[in-house]
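Some notes on the structure that comes next.
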There are 2 protein chains.
Amino acid sequence: MSRSATRKRIEEKADALFYEAGFEATSFADIAGAVGISRGNFYHHFKSKDDILDAVIDRRLAATQTLLESWETDAAPKDRIRSFIRILITNRTKIMAFGCPVGTLTTELAKLDHIAESRAAEIFGLFRDWLADQFSALGHKDDADALALHVLARSQGIAVMVSALKDEAFLRAEVSALEAWLDRLPVQTSTKD
Amino acid sequence: MSRSATRKRIEEKADALFYEAGFEATSFADIAGAVGISRGNFYHHFKSKDDILDAVIDRRLAATQTLLESWETDAAPKDRIRSFIRILITNRTKIMAFGCPVGTLTTELAKLDHIAESRAAEIFGLFRDWLADQFSALGHKDDADALALHVLARSQGIAVMVSALKDEAFLRAEVSALEAWLDRLPVQTSTKD
DNA sequence: TCAAGATTAGGACGAGCGTCCTAATCTGTC
DNA sequence: GACAGATTAGGACGCTCGTCCTAATCTTGA
């Protein structure tokens, strides 16, 4: 198999395992077993475990970019923000089992005092900036960033609690509450210009 | 040193290390080094690593009970809930570095598929029930539990985001927003009886 | 004082970890 | 068809893990 194809398959499986079992708890043997290659073959593609983590974070950054761009088709900013909130519903099964992939990875890397922590947190940065753009478009130029962080925090809180409670009704109730908050948010048309 | 005193010291250090480095990443050698005893001596006090985890969870359950009881001195239910919210301010340094001890432990144990996950989640249960009692006292009998979970989720979200952002200003802003939400919550005096 | 039990230190154990090396196999080019 | 380089499998490495064992030391009560 070609170098790039194998690399990609390793990244896919590593991504899933880091999410479902955690970075520390996932061994080379686990990834190799999932991919179906030998342990030794690994170092032809990645020179260390941290190297795989970097690739996984790159992957997630790219996937996030693609996701955000796909929502640009929603004309109204509020609908775009709603698309973000709705991830919780779309991915509810995985979130109930393993939490949010972004939040849980940054949390784990923070405890491990891992150099890649800040890069993992950049995924939050993408969501943050994109959400802030939407709130700006709603006329909330001054507090766009604060509103973006508020939505992120609310979403993270729901993810943490639903993975602890394993309660889908709670998830749906809190998502509805967050959407209601968004609906109540006044749309300010620019007074100047 | 007496058996109980050494046990207690082990529990204290294990508790701190599980919080700051994670359960999986903390080894017996780490705990032994922190306590100042030999590795081998461990098994006179705890028969396995899971056994220490159980003791740490017991410790946290008891500490949570004590904390909740200490807030019973606040006469008004809203002040009691405010005491809960203010943990985020009080423990801000540790939360910024390591997240919430309850949320991060349950998240890690969920990924590890560890038997103790449900016991760790019981700590959330204590906060949940206590908060629900306070909302009931405010006259929100029907949605007391939902309101309790809402406050828990908001707090968890703040903890996750602040540990990713390392931004105390964000923490304070979100705590203020949550307190403002609490202030706006109508106090309903019972209509029957 | 001395026996009995509690507590301790230190190391052995098998297994698994991340890493690295070597040799075999595959793939594509002249 | 043969050679060169890419790709692979498999195992060795040094280390650390959780666990367990044994022997030494301390504490306590008769």
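So you know, we letter chains A, B, ... as the sequences are listed, proteins then strands, and number each from 1.
Applying the salt bridge (Lys or Arg N to Asp or Glu O under 4.0 Å) rule to pairs touching residues 142-165 of chain B yields B:R128-B:D145, sequence neighbours excluded. For residues 79-92 of chain A, every residue pair satisfying the salt bridge (Lys or Arg N to Asp or Glu O under 4.0 Å) rule, not counting sequence neighbours, is listed here: A:E72-A:R80, A:D79-A:R82, A:R82-A:D183, A:R86-A:E179, A:R92-A:E168.
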Given Watson-Crick or G-U pairs with both distances under 3.5 Å, what dot-bracket string fits DNA chain D, with | for other-strand pairs and [ ] for crossing? ||||||||||||||||||||||||||||||

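For the OP1/OP2 pair of D:dT8 and a distance below 4.0 Å, the side-chain nitrogens and oxygens of A:H44 include no atom meeting the criterion. The side chain of B:S38 places no N or O atom within less than 4.0 Å of a non-bridging phosphate oxygen (OP1 or OP2) of C:dG11.
A:D133 and A:S136 are not linked by any side-chain donor-acceptor pair at a separation below 3.5 angstrom, with hydrogens and angles left out of the test.
Classification of B:E117 and A:K166 as a salt-bridged pair holds, one side-chain N sitting under 4.0 Å from a carboxylate O. Of the charged side-chain nitrogens involved, at least one lies within less than 4.0 Å of a carboxylate oxygen, so that A:R119 and A:D58 count as a salt-bridged pair.
Taking all atoms of both residues into account, the shortest heavy-atom contact from A:Y19 to A:G99 is OH-O, 2.6 Å.
In terms of the side chain to side chain donor-acceptor pair (under 3.5 Å) criterion, residue partners of A:E174 (sequence neighbours excluded) are, by chain and number, B:H150. Partners of A:A116 under the side-chain contact (heavy atoms from CB on, under 4.5 Å) rule, at least two apart in sequence or in another chain, are A:L53, A:D54, A:I57, A:L109, A:H114.
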A correct 5'-to-3' footprint of nucleotides 17-23 of chain C, with B, S and - meaning base, sugar-phosphate only and no protein heavy atom under 4.0 Å, is SSBBB--

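Nucleotide D:dT19 holds its C1' atom 16 Å from the NE2 atom of B:H45, rounded to whole Å. Atom CD1 of B:I37 is separated from atom P of C:dA6 by 18 Å (rounded to the nearest Å).
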